[in-house]
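Heavy-atom basis, side chains included; hydrogens, waters and symmetry copies ignored. None of these values were measured; they are calculated from a predicted model. Ligands are counted one by one from 1 in listed order, and the atoms in each one are counted from 1 as well.
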Amino acid sequence: MKYWGFFVLKLLVTALVGFVLWEAIHMYWPSSRVNYRGVPASRFGHDLVYTLVLLVYNLILQGLIWLNIRDQRYRCRTCLRRLRMPVEQGSWSHMLLFGPPHTEYICTYGHGTLDVPETPVSGRTVWKRNEDMWKELFKPRGQSR
Ligand SMILES: [Zn+2]
């Protein structure tokens, strides 16, 4: 819940930035309608500079949303810290022995690992939660998983 709440919070901040940019654009260009051969029309599509500014605005917002999603993907699901220590594993040439290439990231506090395939075709990103390391450390001898 904390993980998705943080993501929603980041999206809300992005929406706020988008709203402020939108208001700044329309403060510079009042949203009056232009006449196109006597027919009132919206400025978008008829005023080249305004249309290009809205194109750049759209690209900026899409980039911010993409950054939010990318940042969220590489965060720990438990503590929300950035995942660290990428380790590349697997090999295309020795796929049967080591599996397809993928990168594994870990939470520095031991909450879990994220397995990211090199190509999205070969698999999905998988989060594996670790068990409590203290329980595992003090488990009686001879008792296996
Ligand atoms: Zn963590």
Can you give me the closest heavy-atom contact between Phe6 and Gln72, atom names plus distance? CD2-OE1, 3.6 Å
Is any side-chain N of the basic residue among Arg82 and Asp71 closer than 4.0 Å to the acidic one's carboxylate O? yes
Using a cut-off of 2.8 Å, how many protein N, O or S atoms lie below it in distance from the Zn ion (ligand 1)? 4
Is there a side-chain contact between Ser91 and Pro101 in this structure, where contact means two heavy atoms from C-beta onward sitting under 4.5 Å apart? no
In terms of the angle between their ring planes, are His26 and Tyr50 parallel, tilted or perpendicular, with boundaries placed at 30° and 60°? perpendicular
Determine, for Tyr109 and Arg81, whether the Lys NZ or Arg CZ falls below 6.0 Å from the six-membered ring centre while staying within 45 degrees of the axis. yes
May I ask you to check whether Glu118 and His102 show a side-chain donor-acceptor distance below 3.5 Å? no
